[in-house]
Amino acid sequence: MFESCHTASEVAYIYRRMGIPVSVTLDRVAVIAGRDLGAVAMPSQLGSLVHEALLEDSRCGSVPVFTHARSRREEWVFLVGPAWGGKIAHRTLESLREHGVRLLDSGQRVWLPMSDHPTGWRWISEPVESKKIPSRSSVIADARNSIGRLQMSTAWT
């Protein structure tokens, strides 16, 4: 995706062509989480299950997920569209937090991958177009379902 890019501005141009409203700060490309475009982060094991579930949903044109391997654990970050429905129940948010799921708040900067190299920040599943990404509500619902599946699978081991 970035094979011909040499600067942060060139990377930003590619994201903007996809409809992702990025900015360049400190020679890095980022999006500011908001109502129309946000992010949900979770541990990689859970993220893998959520990613599979979202790919099965024919409404999603793409399921953009990126990661950065950290020293303690790998976290997957899903770019998400607007939420639908009402507010998320406090109990649901608490359960998600207990399992390592974080909803990036409106106004929070989300650094995006700038290279195709497998080290550092990298795409697991590249975005295609910002209008065809899963809603925040879909990602949260699939995370809740996947947490239940993970708990069931470990209960029998």
Side-chain angles (χ1 to χ4, degrees), residues 1-85 88 93 96-97 99-147 149-150:
M1 180 157 97
F2 304 118
E3 60 275 351
S4 65
C5 297
H6 301 287
T7 67
S9 295
E10 291 171 343
V11 171
Y13 174 78
I14 289 174
Y15 282 126
R16 288 179 187 131
R17 274 193 2 219
M18 290 181 223
I20 300 172
V22 298
S23 61
V24 178
T25 306
L26 303 172
D27 213 27
R28 294 281 321 269
V29 176
V31 64
I32 304 298
R35 213 179 70 106
D36 294 331
L37 185 66
V40 178
M42 62 191 71
S44 61
Q45 182 182 16
L46 178 59
S48 178
L49 294 173
V50 171
H51 186 248
E52 285 176 28
L54 290 167
L55 287 175
E56 290 174 6
D57 185 349
S58 61
R59 294 176 293 173
C60 297
S62 69
V63 181
V65 181
F66 62 93
T67 189
H68 185 278
R70 296 182 178 185
S71 57
R72 290 184 288 133
R73 65 184 172 115
E74 185 178 5
E75 186 174 64
W76 284 21
V77 180
F78 289 76
L79 279 187
V80 296
W84 42 262
I88 301 168
L93 286 173
L96 292 169
R97 268 190 230 113
H99 291 91
V101 178
R102 296 183 302 120
L103 307 178
L104 281 73
D105 294 326
S106 188
Q108 193 170 354
R109 181 172 282 126
V110 180
W111 300 107
L112 297 178
M114 293 183 44
S115 165
D116 295 323
H117 198 272
T119 60
W121 291 102
R122 64 183 170 81
W123 285 105
I124 291 168
S125 179
E126 295 177 359
V128 176
E129 182 183 341
S130 68
K131 301 274 189 241
K132 296 182 179 180
I133 63 175
S135 70
R136 185 176 81 168
S137 305
S138 296
V139 172
I140 291 168
D142 283 335
R144 286 182 63 201
N145 292 337
S146 296
I147 287 168
R149 290 198 335 248
L150 279 174

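All values derive from a computational prediction rather than experimental measurement.
- Ser62 pairs by the side-chain hydrogen bond (donor to acceptor under 3.5 Å, both in side chains) definition with nothing, not counting sequence neighbours.
- Applying the side chain to side chain donor-acceptor pair (under 3.5 Å) test to every pair with at least one member in residues 108-118, sequence neighbours left out, gives these pairs: His117-Thr119.
- A 4.5 Å side-chain heavy-atom check between Leu93 and Leu103 finds at least one atom pair inside the cut-off.
- Within the structure, ring-ring contact (aromatic ring centres under 6.0 Å, His included) contacts touching residues 12-37 (residues at least two apart or in different chains) are Phe2-Tyr15.
- Scanning all heavy atoms of the two residues, the minimum distance from Asp105 to Ala33 falls at O-CB, 3.3 Å.
- Under the side-chain hydrogen bond (donor to acceptor under 3.5 Å, both in side chains) criterion, Arg97 pairs with Glu94, not counting sequence neighbours.
- Atom OG1 in Thr25 sits 6.5 Å away from atom CD1 in Ile32 (nearest 0.5 Å).
- Residues Ile140 and Val101 are not in side-chain contact: their nearest non-hydrogen atoms beyond the backbone lie 4.5 Å or more apart.
- Distance check: Ser23 OG to Arg16 CZ gives 7.5 Å after rounding to the nearest 0.5 Å.
- Residues passing the side-chain contact (heavy atoms from CB on, under 4.5 Å) test with Val77, sequence neighbours excluded: Ala39, Ala41, Phe66.
- Taking 4.5 Å as the limit, some side-chain heavy atom of Ile20 sits within range of a side-chain heavy atom of Leu112.
- Considering only heavy atoms from C-beta on, Met18 stays 4.5 Å or farther from Val128 through its side chain.
- For Pro82, the side-chain contact (heavy atoms from CB on, under 4.5 Å) test picks out Asp36, with sequence neighbours left out.
- Across Ser130 and Gly19, no two heavy atoms sit closer than the pair OG-O, 2.9 Å.
- In terms of the side-chain hydrogen bond (donor to acceptor under 3.5 Å, both in side chains) criterion, His6 has no residue partners (sequence neighbours excluded).
- A 4.5 Å side-chain heavy-atom check between Met1 and Pro127 finds at least one atom pair inside the cut-off.
- The distance from the CG atom of Leu104 to the CZ atom of Phe78 is 13.0 Å, given to the nearest 0.5 Å.
- Under the side-chain contact (heavy atoms from CB on, under 4.5 Å) criterion, Thr7 pairs with Ser9, Glu10, sequence neighbours left out.
- Across every non-hydrogen atom of Ile14 and Cys5, the tightest pair is CD1-SG, 3.2 Å.
- Counting all heavy atoms, side chain and backbone alike, Leu46 lies closest to Ala143 at CD1-O, 3.9 Å.
- Legend: residues meeting side-chain contact (heavy atoms from CB on, under 4.5 Å) with Ser44, ordered by chain and number and at least two apart, are Glu74, Trp76.
- Val24 and Ala12 get closest at one heavy-atom pair: CG2-CB, 3.7 Å.
- When side chains are defined from C-beta on, Asp142 does not count as touching Leu49, because their heavy atoms never get closer than 4.5 Å.
- The environment of Arg28 atom CZ is dense: over 12 non-hydrogen atoms of other residues, nucleotides or ligands sit within 6.0 angstrom.
- Taking NE2 from His99 and CD from Gln45, the interatomic distance works out to 10.5 Å, rounded to the nearest 0.5 Å.
- By the side-chain hydrogen bond (donor to acceptor under 3.5 Å, both in side chains) test, Ser125 pairs with His51, sequence neighbours left out.
- Minimum interatomic distance between Pro134 and Ser138 (heavy atoms only, all atoms of both residues): CB-CB, 4.5 Å.
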